[in-house]
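Okay, so here's the structure we're looking at.
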Amino acid sequence: MPSSIALYKQIYDNFQAPVSRYDCGRKCAPLNDGVPVCCDVEHAIPLVDKQEWFLLKSRSDLWKPYRARDAQAIKELSDMHRDCRAIECKGFRSCERDNRSLACRAFPFFPYITKDDEVIGLSVFWDFADRCWVQSNLQIVEPAFVKECIAGYELLFDNDPAERKANRDHSAVMRRTFSRQNRIIPLLGREGEFLAVEPYTHEVRKAHWREYGRNETFQDEKPAVAAKR
Ligand code: SF4
Ligand code: SF4
């Protein structure tokens with residue numbers, strides 16, 4: 001069965017947990033003219049499946065189609081899949097928690113898929129590490145968030161193999177990138193446990209969150225208090 005409005009509704013209903021008990025937007029916004037980075041189309045253009053767009057439109061006027069404002073945005077959207085829609089919301093001051101997209105709910109995480117095609121946890125959109133405070137404080141992530149996020153994506157994958165493939169391909173790009181940089185991939189396992197993917201071997205092992213390192217933007221801050229595990 002392909003993705004549908006009903007499927008996205010089910011995913012939204014079951015995926016409500018916040019990433020952490022912190023309002024992380026307060027941590028990154030001061031470095032971005034007061035706007036949380038992941039709610040700023042200058043940093044991230046929200047992309048949704050066509051069916052998800054139909055659902056959002058039916059629930060709220062929070063979102064509208066995104067119109068590219070410059071050559072960079074046009075280039076970024078040029079290879080967008082025909083079933084995707086680029087959209088933008090009214091801004092973080094008008095955010096409606098129930099009407100956030102799946103990508104909003106999951107950011108800065110995506111489901112990490114191994115070479116053997118197994119979904120083993122969540123990793124991060126590493127391109128945002130210099131602007132996203134959460135990525136320098138993965139110990140704050142609540143296990144309930146990890147479970148709900150993975151369950152939501154697995155429901156989507158069961159119905160939409162192309163979504164699974166996109167995340168598998170993204171995981172492969174991450175392995176190549178981190179191997180080149182000789183860095184471990186930070187990974188939150190299915191129960192929220194701390195894991196690491198070794199560069200080169202891609203072996204998955206237990207980790208301590210302090211091994212993940214912090215981006216230099218946030219290096220001078222005291223680490224935030226870890227969530228209970
Ligand atoms: S998820 Fe990252 S980029 Fe988004 S508001 Fe939180 S710290 Fe900022
Ligand atoms: S819907 Fe909310 S979380 Fe999503 S981009 Fe807009 S302000 Fe941010």
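The figures that follow rest on heavy atoms only: side chains count, while hydrogens, waters and symmetry mates do not. Atoms within each ligand, like the ligands themselves, are counted from 1 in listed order.
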Revision key, fill the gap. Within 4.0 Å of some non-hydrogen atom of Cys104, the atoms of ligand 2 are 1 (S), 3 (S), 4 (Fe), 5 (S)

Check your understanding: What protein heavy atom sits nearest atom 6 (Fe) of ligand 2, and how far away is it?
Key -> Cys89 SG, 2.4 Å

Revision key, fill the gap. In ligand 1, the atoms that come under 4.0 Å of a heavy atom of Val37 are 3 (S)

Exercise for review: State the atoms of ligand 1, each with its element, that fall below the 4.0 Å cut-off from a heavy-atom position in Gly25.
Suggested key: 5 (S)

**Study point:** Pair Glu193 + Lys206: basic N to acidic O under 4.0 Å
**Key:** no

**Study point:** Residue pair Arg164, Ile113: steps toward the side-chain contact (heavy atoms from CB on, under 4.5 Å) verdict
**Key:** CA-CA 9 Å; Arg164 185 182 181 102; Ile113 305 181; 4.0 Å; yes

**Study point:** Atoms in ligand 1 with a heavy atom of Phe107 nearer than 4.0 Å
**Key:** 1 (S), 3 (S), 4 (Fe)

Review point. Between Tyr212 and Gln139, is any side-chain donor less than 3.5 angstrom from a side-chain acceptor?
Key: no

Exercise for review: Measure across Leu62 and Cys95 and return the closest heavy-atom pair with its distance rounded to 0.1 Å.
Suggested key: CD1-CA, 4.5 Å

Review point. Against heavy atoms of Cys24, which atoms of ligand 1 measure under 4.0 Å?
Key: 1 (S), 5 (S), 6 (Fe), 7 (S)

Check your understanding: Nearest to atom 2 (Fe) of ligand 1, what protein heavy atom do you find, and at what distance?
Key -> Cys132 SG, 2.4 Å

Practice item. Report the nearest protein non-hydrogen atom to atom 1 (S) of ligand 2: residue, atom name, distance rounded to 0.1 Å. Key: Trp63 CZ2, 3.4 Å

Review point. Which protein non-hydrogen atom lies closest to atom 8 (Fe) of ligand 1, naming both residue and atom, and how far is it?
Key: Cys28 SG, 2.3 Å

**Study point:** Donor on one side chain, acceptor on other, Glu96 and Ser60, under 3.5 Å
**Key:** yes

Review point. What protein heavy atom sits nearest atom 7 (S) of ligand 2, and how far off is it?
Key: Phe92 CA, 3.4 Å

Review point. Quick one: nearest non-hydrogen protein atom to atom 4 (Fe) of ligand 1, plus distance?
Key: Cys38 SG, 2.3 Å

Review point. With under 30° as parallel and over 60° as perpendicular, where do the rings of Phe110 and Phe125 fit, or are they tilted in between?
Key: tilted

Practice item. Assess the side chains of Thr114 and Asp116: does a donor N or O sit below 3.5 Å from an acceptor N or O? Key: no

Review point. So with a 6.0 Å cut-off around CG of Asp33, is the heavy-atom count from everything else above 12?
Key: no

